[in-house]
Amino acid sequence: MKKITIIQPDDWHVHFRDEEMLKLVVPETDKIFGKCIVMPNLVPPITNNSMAIEYQKRIKKYVKKSLKTYLTIYLTENTDEDNLLTAFKEKNVFAVKLYPLGATTNSNFGIKNLESIMSVLSTMETNDIPLLIHGEDTDPKIDIFDREKYFIDRTLSKIVDRFPSLRITLEHITTFDAIDYIKLNKNIVGSITPHHLASNRNDMLVGGIKPHLYCLPILKRKTHQEELIKVAVSGNEKFFLGTDSAPHEIALKENHCGCAGVFNTPYTIQILAQIFENNNALNNFEKFVSIHGSKHYKLPINKNKINLIKKDIPIKFVNKLKINDTEIKIYKPSFDVFWDII
């Protein structure tokens, strides 16, 4: 058996949803992670200071350990700059999330006209407010597998040129195009999900469609997956974990128009430990899950530590979580995982 000890990890991109779902999934993040950034795409979305305050109160009801939750405001074409600045200075909001219009779940209030948000971005740059981006171009003429590349070329490059000091996270990156762009630009970093490291589009489509692997950005070719793994395990400080753990009820995933999202929280760290070991890079594992994100966001690195042990037989995954009538499926990769948290 092999045992490793690492600094308690963080999740720099998680969806808690609300109501019954909130009650179900917050404790799962609280069990494992020290800090997390919570996404704002609820119904209705978190668009101002008072909404963020109330959402934080609802979240805190289900935090039983020491999880620190950092909230985001959903950027719209009508975002109130003064309200945003107040929310940030009062530490009710930590960052701002940019969704292109129609890019993913509950993105109907997202951005269509880039010029409409330039003043807000300027305020953010001046006050060092992080910008988190769902980087996909939703032009219907663009192939869904090319959305990330087109967003970088047509939108992100304009933001970077206009605001060179704005701290940007291109979230849940999926392509070597994103990797290359991030490496070349000083103030941009990238978060990477466990499911984009562990799965590719063949896993989702070969032998029948797997609706629980449908996510946005969509799983890409194996060649992109291999490049994501390479940069994740490399120790490059510009890349770190953001699970994009996004729960949906099973009934809403398994229907004629399944929701986009993968719920991966319970086994993220175990899966990643296996990937890093498979690539002879366990020495960089802690950096990816516990250090790089905190450094980028200028937050203290966690003091607590966790232990993982490698077992002789694969760990058994719990298939789903359930509370009352709310039921969600837990992500499981196609390969065996031998690492477990103890």
Side-chain angles (χ1 to χ4, degrees), residues 1-14 28-38 65-70 94-95 130 132 167 169-173 178-179 182-183 188-199 225-245 264-312 314-315 317 331 333 335-342:
M1 285 190 177
K2 183 187 291 187
K3 179 182 176 182
I4 58 173
T5 299
I6 64 168
I7 295 167
Q8 185 179 23
D10 299 310
D11 184 354
W12 298 113
H13 182 135
V14 66
E28 296 301 312
T29 297
D30 187 33
K31 287 176 186 175
I32 303 162
F33 296 97
K35 302 186 292 293
C36 67
I37 291 181
V38 184
K65 295 178 70 176
S66 57
L67 179 68
K68 293 180 175 65
T69 53
Y70 296 89
F94 180 74
L132 317 180
R167 230 167 357 127
T169 303
L170 188 57
E171 298 198 296
H172 44 53
I173 63 170
I179 293 168
I182 290 166
K183 285 181 176 179
I188 304 180
V189 297
S191 67
I192 307 178
T193 79
H195 50 280
H196 286 104
L197 290 171
S199 302
Q225 178 195 14
E226 289 170 344
E227 291 302 312
L228 287 176
I229 293 171
K230 189 184 299 183
V231 78
V233 306
S234 71
N236 189 320
E237 64 181 7
K238 290 172 73 71
F239 301 89
F240 50 79
L241 173 63
T243 67
D244 193 18
S245 189
N264 56 39
T265 302
Y267 298 104
T268 282
I269 298 304
Q270 297 92 319
I271 292 167
L272 291 177
Q274 191 65 57
I275 290 172
F276 274 71
E277 186 192 32
N278 291 349
N279 288 273
N280 300 310
L282 276 175
N283 58 310
N284 288 328
F285 178 48
E286 181 181 62
K287 298 173 188 176
F288 181 76
V289 301
S290 311
I291 296 175
H292 292 166
S294 286
K295 285 187 174 180
H296 171 70
Y297 289 118
K298 302 179 181 180
L299 292 169
I301 293 170
N302 298 324
K303 294 182 180 179
N304 294 336
K305 297 193 174 184
I306 65 168
N307 298 307
L308 293 96
I309 192 167
K310 185 180 180 183
K311 298 190 173 182
D312 295 328
I315 66 171
F317 282 62
Y331 172 74
F335 52 83
D336 287 335
V337 174
F338 292 86
W339 288 94
D340 207 357
I341 298 172
I342 57 171

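A quick note: this is a predicted structure, and the numbers were derived from the prediction, not measured. Numbers for residues simply follow the sequence, beginning at 1.
For Lys230, the salt bridge (charged side-chain N to carboxylate O under 4.0 Å, His left out) criterion is met by Glu227, not counting sequence neighbours. With sequence neighbours excluded, no residue forms a salt bridge (charged side-chain N to carboxylate O under 4.0 Å, His left out) with Lys303. With sequence neighbours left out, the side-chain hydrogen bond (donor to acceptor under 3.5 Å, both in side chains) criterion links Asn279 to no other residue. Asn284 meets the side-chain contact (heavy atoms from CB on, under 4.5 Å) test with Phe276, Lys287; sequence neighbours excluded. Asp340 is linked by a salt bridge (charged side-chain N to carboxylate O under 4.0 Å, His left out) to Lys311, counting only residues two or more places apart in sequence or in another chain. Remark: Thr268 engages Asn264 in a side-chain hydrogen bond (donor to acceptor under 3.5 Å, both in side chains) (not counting sequence neighbours). With sequence neighbours excluded, no residue forms a salt bridge (charged side-chain N to carboxylate O under 4.0 Å, His left out) with Glu286. Asp11 is linked by a side-chain hydrogen bond (donor to acceptor under 3.5 Å, both in side chains) to Thr243, counting only residues two or more places apart in sequence or in another chain. Taking the ring-ring contact (aromatic ring centres under 6.0 Å, His included) definition, one finds that His195 meets it with nothing, sequence neighbours left out. For Tyr297, the side-chain hydrogen bond (donor to acceptor under 3.5 Å, both in side chains) test picks out Thr169, with sequence neighbours left out. Here Phe335 pairs with nothing under the ring-ring contact (aromatic ring centres under 6.0 Å, His included) rule; sequence neighbours left out. Here His292 pairs with nothing under the ring-ring contact (aromatic ring centres under 6.0 Å, His included) rule; sequence neighbours left out.
No side-chain heavy atom of Phe94 sits less than 4.5 Å from a side-chain heavy atom of Val38. No side-chain heavy atom of Ile37 sits under 4.5 Å from any side-chain heavy atom of His13. Within the 4.5 Å cutoff, no side-chain heavy atoms of Ile301 are placed close to those of Ser290.
For Asp244 and Thr193, the side-chain atoms include no donor-acceptor pair closer than 3.5 Å.
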Test side-chain contact (heavy atoms from CB on, under 4.5 Å) applied to Ile4 and Asn307, step by step = CA-CA 6 Å; Ile4 58 173; Asn307 298 307; over 6 Å; no
For Trp12 and Phe240, what are the C-alpha separation, side-chain angles and deciding distance, and is it a side-chain contact (heavy atoms from CB on, under 4.5 Å)?
-> CA-CA 8 Å; Trp12 298 113; Phe240 50 79; 3.6 Å; yes
Stepwise side-chain hydrogen bond (donor to acceptor under 3.5 Å, both in side chains) test for Ser199 and Tyr331 = CA-CA 10 Å; Ser199 302; Tyr331 172 74; 2.5 Å; yes
Does the pair Phe239 and His296 meet the rule for a side-chain contact (heavy atoms from CB on, under 4.5 Å), with working shown?
-> CA-CA 10 Å; Phe239 301 89; His296 171 70; over 6 Å; no
Evaluate side-chain contact (heavy atoms from CB on, under 4.5 Å) for Lys2 paired with Glu277, printing each intermediate quantity in order.
-> CA-CA 11 Å; Lys2 183 187 291 187; Glu277 186 192 32; 3.7 Å; yes
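Put simply, CD1 on Ile309 and CD1 on Ile342 are 4.5 Å apart, with the number rounded to the nearest 0.5 Å. Rounded to the nearest 0.5 angstrom, Leu308 CG and Trp339 CH2 are separated by 7.0 Å. Atom CD1 of Ile192 and atom CG of Leu197 lie 5.5 Å apart (nearest 0.5 Å). In this structure, CZ in Phe288 is found 6.0 Å from CG in Leu272, a value given to the nearest 0.5 Å. To the nearest 0.5 Å, atoms OG (Ser66) and CZ (Phe33) are separated by 13.0 Å. To the nearest 0.5 Å, atoms CD1 (Ile306) and CD1 (Ile6) are separated by 4.0 Å.
When all heavy atoms of Ile32 and Pro9 are compared, the closest pair comes out as O-CD, 3.9 Å. In plain terms, the two heavy atoms of Leu170 and Ala178 that are nearest each other are CD2-CB, 4.0 Å. Heavy-atom minimum distance, Asn302 versus Gly34: ND2-CA, 3.8 Å. Minimum heavy-atom separation, Asp336 to Gln274: O-CG, 3.6 Å. Asn280 approaches Asn283 most closely through the heavy-atom pair O-OD1, 4.0 Å. Val337 and Pro333 make their closest contact through CG2-CG, 4.1 Å (heavy atoms, listed as atom of the first residue, atom of the second, distance).
The distance between the ring centers of Tyr267 and Phe317 falls below 6.0 angstrom. Between His196 and His172, the distance from one ring center to the other does not fall under 6.0 angstrom.
Remark: the backbone N or O of Lys35 is paired with a side-chain donor or acceptor of Asp10 at under 3.5 angstrom. The backbone N or O of Ile182 lies less than 3.5 Å from a partner atom in the side chain of Lys238, making a donor-acceptor pair.
By the 6.0 Å contact criterion, CD on Glu226 is enclosed, its count of non-hydrogen atoms from other residues, nucleotides or ligands being greater than 12.
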